[in-house]
A.B. asks: 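Dropping a structure here in structure tokens format, bear with me for questions.
The structure displayed is predicted, hence computed values, not measured ones.
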Amino acid sequence: MNNKFKCIYVVDHPRRDMHAYIWWASLLAKDNFKNFVISTSSISIKKINQIKPNAIIWSYARPQNAFLIQYSYLKGIKNIIHDTEGITYRCDKEYSDSCDNLTLKCIHGIWGWGEEQKKLINNRCAKIGHKLVASNIGSIRYEYYKNLKISRKKNNKILINTNFPIIDPRYGSLESDYKIWVNIEKKLSKIEFIKRCIELSAMRQSLINFVKELIDKNLFKPKDIILRTHPFESDNYYRDLKGLGVEISNKNDIAYDISRSFLMAQCGCQTVLDGLIQDVPSILIKPSFENIWSDLSSQIDTDYLQKLNEDKNEYYSFKKRNIKSAKKIVTPFLSNIEKQINYELLISNLFEPLKKNKILFFYTYFFNLLIRISKNLKDYLRFLLYPRKILNKKLTNEILIKYMLKKKIPYSIDSNNNIYLD
């Protein structure tokens with residue numbers, strides 16, 4: 001057991017990436033790996049020092065975990081990024097600039113979803129004199145969904161997907177999200193953030209109006225409508241729809257909700273891709289985001305929607321056109337939409353020898369030391385000046401264990417209460 005290659009998989013959310021990462025960690029555990037599964041809220045310097053991993057697979061490289069990535073680099077641990085969102089489209093600069101240059105130089109590998117993402121990241125690496133770290137691996141998350149055996153016995157519902165967590169977060173608050181977007185990640189200015197919130201409010205209301213129109217025109221009975229909230233979004237705003245008899249899904253896995261549906265609708269949401277894998281077409285509710293998910297969806301009126309609901313031949317013809325067009329657009333951004341994930345490249349990236357850069361090491365050491373001193377001071381002052389808040393965590397060991405017991409996935413817990421598979 002001591003000779004096994006130890007990896008930490010940092011898991012972000014119980015609905016979005018937990019299932020896939022546990023599935024993948026359990027698969028690799030058979031190949032001389034010892035894989036730890038830790039949530040984003042639990043990963044820390046203490047955990048890293050307890051486990052002493054050979055590699056950490058991070059779910060993103062944003063300012064929130066930059067100092068931990070730098071710390072791992074200083075400890076001689078391989079840092080690999082496999083983003084849980086993964087696809088960049090019409091927001092290339094925002095995506096490629098998600099971390100500072102020092103943090104990027106502390107990353108040894110980026111498991112990209114497709115060729116377009118690989119080019120984008122490697123272009124930035126070349127500009128700062130860093131080795132080309134991005135590889136076209138594919139997505140672990142979608143490889144998992146492709147391998148599911150899904151029953152489709154009662155697929156007569158329409159699935160409506162929301163995508164408005166910024167204006168009504170399920171975890172934290174609007175204030176904390178403002179700090180992340182404006183102060184920490186600096187993606188938006190104060191005015192841009194306010195404008196974004198107004199636009200999202202309009203989208204959310206148009207989505208609710210769409211659901212009510214389906215009911216008012218008797219296109220769908222309330223019991224045949226599933227409204228699925230974004231994993232980071234509260235369902236408080238949709239209580240009126242729940243009162244009408246619409247099912248509000250805030251716990252189910254996406255694959256289960258899609259398996260009950262023959263059609264999806266949204267305002268530019270990545271669930272379009274999940275539907276594509278299950279051959280369920282998607283339609284667009286306006287106004288919407290300008291992104292790849294909007295481009296993969298068809299714009300239709302309610303009269304044609306009624307025809308799709310009543311005429312099977314028309315539905316299958318529409319579905320064939322929609323799926324064919326969507327796969328053509330998405331393939332450069334997700335290589336394993338139909339192919340298998342590049343397992344050989346992934347493994348070779350894990351075992352590739354680390355090369356040390358003394359200048360980068362010393363620069364990172366002093367910068368990281370300052371960040372840790374500052375962070376410890378802030379934590380100490382916060383402890384003295386403010387009462388401790390009981391936070392609603394996205395993911396805990398209890399949730400991870402409950403899921404593995406349900407799926408009959410064998411796991412172990414070490415003396416420090418860390419979950420691992422081997």
A.B. asks: Could you tell me whether E192 and K195 make a salt bridge, using a distance below 4.0 angstrom between a side-chain N and a carboxylate O?
C.D. replies: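 So E192 does not pair with K195 through a salt bridge.
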A.B. asks: Among N79, N65, N49, which residue meets the side-chain hydrogen bond (donor to acceptor under 3.5 Å, both in side chains) test with Y71?
C.D. replies: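 In the set N79, N65, N49, the residue that makes a side-chain hydrogen bond (donor to acceptor under 3.5 Å, both in side chains) with Y71 is N49.
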A.B. asks: When rounded to the nearest 0.5 angstrom, what is the spacing between SG in C99 and CH2 in W58?
C.D. replies: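 Spacing of SG (C99) from CH2 (W58) equals 12.5 Å.
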A.B. asks: Is a donor from one side chain sitting under 3.5 angstrom from an acceptor on the other, for N376 and R372?
C.D. replies: no
A.B. asks: Which atom pair, heavy atoms only, marks the closest approach of I150 to A255?
C.D. replies: CD1-CB, 4.4 Å
A.B. asks: Looking only at non-hydrogen atoms, find the nearest pair between Y145 and H19 and report the distance.
C.D. replies: OH-ND1, 4.3 Å
A.B. asks: Hey, which of Y9, W24, F351 is the one that makes ring pair (Phe, Tyr, Trp, His ring centres under 6.0 Å) with F33?
C.D. replies: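 So, applying the ring pair (Phe, Tyr, Trp, His ring centres under 6.0 Å) to F33 and each of Y9, W24, F351, only F351 qualifies.
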A.B. asks: Can you say whether the rings of F232 and H230 are parallel (under 30°), tilted (30 to 60°) or perpendicular (over 60°)?
C.D. replies: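 Tilted, since the angle between the ring planes falls between 30° and 60°.
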A.B. asks: Might you point out which heavy atoms bring A25 and V37 nearest each other, and give the distance in Å?
C.D. replies: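 Answer, listing the atom of A25 first, then V37: CB-CG2, 4.4 Å.
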A.B. asks: Do the side chains of K394 and D12 get close enough for a salt bridge, i.e. N-O under 4.0 angstrom?
C.D. replies: yes
A.B. asks: Is a salt bridge present between D295 and R90, judged by a nitrogen-to-oxygen distance below 4.0 Å?
C.D. replies: yes
A.B. asks: Give the minimum heavy-atom separation between I107 and A61, together with the two atoms involved.
C.D. replies: CD1-CB, 3.8 Å
A.B. asks: I'd like to know whether I38 forms a side-chain contact (heavy atoms from CB on, under 4.5 Å) with V10, so could you lay out the CA-CA distance, the side-chain angles of the two residues, the decisive distance to 0.1 Å, and finally the verdict.
C.D. replies: CA-CA 5 Å; I38 298 179; V10 183; 5.6 Å; no
A.B. asks: Taking all atoms of both residues into account, what is the closest heavy-atom pair of L159 and R228, and its distance?
C.D. replies: CD1-CB, 3.8 Å
